[in-house]
Amino acid sequence: MVHYTQVSRRSFLRGAGIVAGSAALAACTSKAKPTAAATSSAPSAVAPSSSGAAPSAVSASSSGTASASTATIKGGTLTVMCPSGEISSEQIGLFTAAYPELKLSLINYDTTRLNAMIAAGTPPDLVRDAGTDVTPYIATRGLALDLDPYFAKSTVIKEDDINPINDVWKWDGKVQGQGPRYGMAKDWSQDAMWWYNPAAWQAAGIPEPDPATPVTYDQLLEWAPKLTKSSNGKTSVYGLFTTNPSHDFISAMVATAGGKILSDDLSTADFTSPEAQKALTWLVNAAKAKVGYSAVNPSPDWDGPQYLAGHQVSASAGYWFGGYLDTNNAKLEDTTKFAAAPMLGTTRVSPSFGAVGYWIPAKAKNPEGSFAFMEWYCGGEGARARAAAGDGLPALKSHLPLLPQQTAFQQQTYQVQQTELPYLKVLALASPYALGSAIDTAIAKVFPSAVTGSTTVAQLGDKMTSAANAVLAQGKKAAGG
Amino acid sequence: MTTAARVWRSPTRGRVGRKRGGGSVAFYGFISPWLVGTLLLALFPLGYALYISFTNWDGLSKVKPWAGLANYREVFSSPDTWSSLYRTLLLIVFVVPATIVGSLVLALFLNERVKGRVVFRTLIYIPAIIPPVAAALIWKNIFETNTGSANRFLALFGIRAVPWLIGGHAFYALVVMMLWGLGVGLIIDLAVLQTVDVEQLQAAKIDGANAFLSFRHVTLPAISPVLLFQTVLVLIATLQTFIPSLLLSPATAANATQGGVIGLVPRSNTFYMVNVYAQFFSYSRYGFGSALIVVFFVFILLLTGVIFKVFGRGVYYAVDPTATNRKARRR
């Protein structure tokens with residue numbers, strides 16, 4: 001028997017509309033529970049360097065020895081959140097040989113996913129981040145594990161061997177660089193430095209710069225149009241590396257003119273100072289000149305692939321970029337030079353934007369296992385192999401002699417790096433109230449108006465200050481401040 | 001001109017409820033698995049979102065500071081809310097009519113007995129089954145300023161390259177990408193066009209109606225319920241546009257440092273849901289983000305109601321379910 005359904009199509013459609021709206025709302029707010037088994041595909045893009053490595057250093061450590069604390073480690077799978085391809089399958093093999101009771105499951109780094117995993121109470125066992133940017137934020141919220149007890153027990157990492165750059169992973173509640181350690185750098189670089197193809201300078205009839213002597217930002221902007229190849233609105237080669245109004249980049253520029261962006265208590269930002277105005281003027285002019293990717297002409301990728309493809313004659317990156325070139329196109333080493341960080345003012349400062357490494361979430365299910373990986377990757381065998389391949393400056397002082405110096409390219413980069421080291425300065429880039437990405441998003445929103453001409457640089461400074469301070473104030477409120 | 005279509009007024013709930021209570025039980029019995037799942041998976045998050053909207057939670061902290069109505073006040077006073085809503089409504093103006101009319105016109109052509117219509121139907125439907133990420137990559141390659149085929153084509157006529165994915169141009173590139181997938185509507189329209197009574201069409205022809213009049217007075221009333229349904233679905237989907245906007249932007253995990261992923265979405269494509277996403281995941285403002293979507297939920301609800309009220313009057317139901325039911329019983 002067929003029953004008459006009393007719901008008319010019209011009312012059913014109306015109901016469907018309501019349910020669709022509800023579902024959309026729910027989808028946006030539900031506490032996403034990520035699948036624990038979700039892993040990225042086996043990384044293979046980044047293989048250990050095949051040339052330029054110091055074989056003795058690698059082979060000496062390839063026995064797969066683990067820390068003495070192995071006996072206390074609980075077995076299981078460690079979920080490591082890092083960019084796809086950064087940890088090679090060979091490195092995974094070496095780690096699991098040293099720690100047979102542990103397995104690694106890699107998931108791609110994604111802040112949205114990280115938030116969801118933390119909110120669901122199932123964080124990864126290790127998270128890859130930039131210590132200069134995140135330490136106050138994750139420590140203030142109790143998200144990161146205090147690692148002091150683990151470092152104290154470590155037989156691999158000795159306190160007096162830890163490079164001071166690792167202090168960016170310390171936070172005492174007020175000052176970055178003091179207090180307990182919440183993470184460790186896997187490697188680091190002086191990130192305002194740059195790389196260039198001297199052949200482009202020769203072809204443009206410009207005298208090649210001295211790599212060890214800082215050029216000025218104005219000089220870069222003067223050269224860039226001559227190095228850029230454009231026709232009928234299309235650009236085949238950009239003469240300048242990507243320039244974005246990120247607060248890291250602006251802070252580095254401003255530091256060379258004796259200024260700063262974040263206040264001493266890290267609760268406010270100021271882009272109206274004369275130094276900041278000078279930096280903003282340069283950034284706006286660079287974007288207007290269309291001589292490189294910028295906030296109004298975003299790059300389809302980062303500088304690395306663009307440089308490899310010959311779409312840029314320079315790239316903004318620190319020492320680690322040498323290892324990247326070696327891995328991805330070793331031939332370019334013959335036509336690439338590493339140069340000192342440019343200057344806006346007269347003070348030579350060469351900061352690190354990253355000290356990229358790992359932190360362990362406070363709710364990680366196997367903290368001893370997590371620390372075993374950190375120890376192995378940032379200070380043990382994994383770190384030695386990366387140092388020998390030139391993939392960044394090592395986190396431990398004792399690994400510095402492992403940096404490759406076999407080829408002419410490696411010698412050039414090593415010498416320029418040695419000259420640059422004395423000018424290292426850790427800038428105040430992080431706030432406990434907001435992540436750097438939040439400040440950068442707010443800044444990016446207001447920047448284009450200055451390039452299109454509807455806003456002056458002075459007005460841009462005011463807008464950026466308001467936008468950044470609104471983000472910081474909201475963060476302070478959220479932290480209960 | 002006569003039409004066989006006639007208006008069927010749905011009976012009021014109370015009257016039918018009294019007369020046919022058994023039918024109601026059967027209806028809800030059949031839909032209950034879906035209904036229970038939806039309520040469990042939607043109702044709790046909905047209530048949770050409502051609660052969060054009254055706090056200043058950052059999504060990570062253990063504390064959720066109470067904010068009262070502050071987030072709602074900010075929703076209505078924030079220029080970002082209004083500008084993103086304006087752009088969303090502008091997108092609707094372009095996408096919804098073009099999708100409904102475009103898929104119907106294509107369906108009318110492909111409903112004719114023309115040679116190779118199966119091939120054309122397949123070709124037009126294929127874009128609808130291409131995954132959105134792949135579709136976005138295709139269009140990104142086409143619209144890329146320096147290497148894209150769109151600018152290569154323009155160059156043939158000496159036209160200077162257009163930065164399609166940047167600034168105001170990005171809006172039109174997005175509209176083109178969204179319309180590319182109108183094959184879904186086409187399939188629905190084709191299906192419903194084949195239910196139009198041939199006898200009525202022939203009767204109209206005998207009465208002297210030309211193709212347009214037949215369409216206007218026979219076909220259109222017959223398919224109007226489906227068109228209304230399609231309109232509501234396309235409208236709701238367009239209001240929630242987020243993924244196409246993100247996929248067509250230069251944002252990738254690798255260059256997210258250029259102002260965060262959302263910082264790379266052109267302002268012209270920063271729609272309401274893009275703003276919501278930014279509040280949640282760029283600014284960690286879960287409270288304000290929740291308030292934004294609660295308000296948007298109410299907005300969509302009201303808009304849907306208005307559409308049913310305004311356009312529902314013009315919808316014709318050719319079949320009276322009551323009559324069908326009686327016929328079935330007699331068998």
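Just the heavy atoms: all of them, side chains too, but no hydrogens, waters or symmetry mates, feed the values below. In what follows, chains are A, B, ... by sequence order, proteins preceding strands, each numbered from 1.
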Non-hydrogen atoms of [X] and [Y] that approach each other most closely:
X       : Y       : value
G59(B)  : A119(A) : O-CB, 4.1 Å
G142(A) : K62(B)  : O-NZ, 4.2 Å
N146(B) : T235(A) : OD1-N, 2.7 Å
R160(B) : G233(A) : NH1-N, 3.5 Å
A478(A) : D58(B)  : CB-CB, 3.8 Å

Distance check, rounded to the nearest 0.5 Å: [X] atom [atom1] versus [Y] atom [atom2]?
X       : Y       : atom1 : atom2 : result
F281(B) : T441(A) : CZ    : OG1   : 13.5 Å
L154(B) : K234(A) : CG    : NZ    : 8.5 Å
L435(A) : S282(B) : CG    : OG    : 10.5 Å
F280(B) : N115(A) : CZ    : CG    : 11.0 Å

Between T270(B) and K445(A), does the side chain to side chain contact (heavy atoms under 4.5 Å, CB included) criterion hold? Intermediate values first, please.
CA-CA 10 Å; T270(B) 305; K445(A) 207 166 66 178; over 6 Å; no

What part of [X] gets within 4.5 angstrom of chain A, counting heavy atoms only: side chain, backbone, both, or neither?
X       : result
I166(B) : side chain
T145(B) : both
Q279(B) : neither
I159(B) : backbone

Can you tell me if L39(B) has over 12 outside heavy atoms packed within less than 6.0 Å of its CG?
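Check passes, neighbour count above 12.
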
Heavy-atom distances under 4.5 Å only: say whether I443(A) touches chain B with side chain, backbone, both or neither.
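Nothing of I443(A), per the 4.5 Å heavy-atom cut-off to chain B.
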
Where does Y137(A) contact chain B at under 4.5 Å (heavy atoms): side chain, backbone, both or neither?
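The answer is the side chain of Y137(A).
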
Most chain A-contacting option - heavy-atom pairs closer than 4.5 Å, from F288(B), F30(B), Y283(B), F296(B)
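Max contact count across the listed options: Y283(B).
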
Just jot down the side-chain hydrogen bond (donor to acceptor under 3.5 Å, both in side chains) partners of N469(A), sequence neighbours excluded, or say none.
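Scan of N469(A) (side-chain hydrogen bond (donor to acceptor under 3.5 Å, both in side chains), adjacent residues dropped) gives none.
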
What residues form a salt bridge (Lys or Arg N to Asp or Glu O under 4.0 Å) with E144(B), not counting sequence neighbours?
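If we apply the salt bridge (Lys or Arg N to Asp or Glu O under 4.0 Å) test to E144(B), skipping adjacent residues, there are no hits.
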
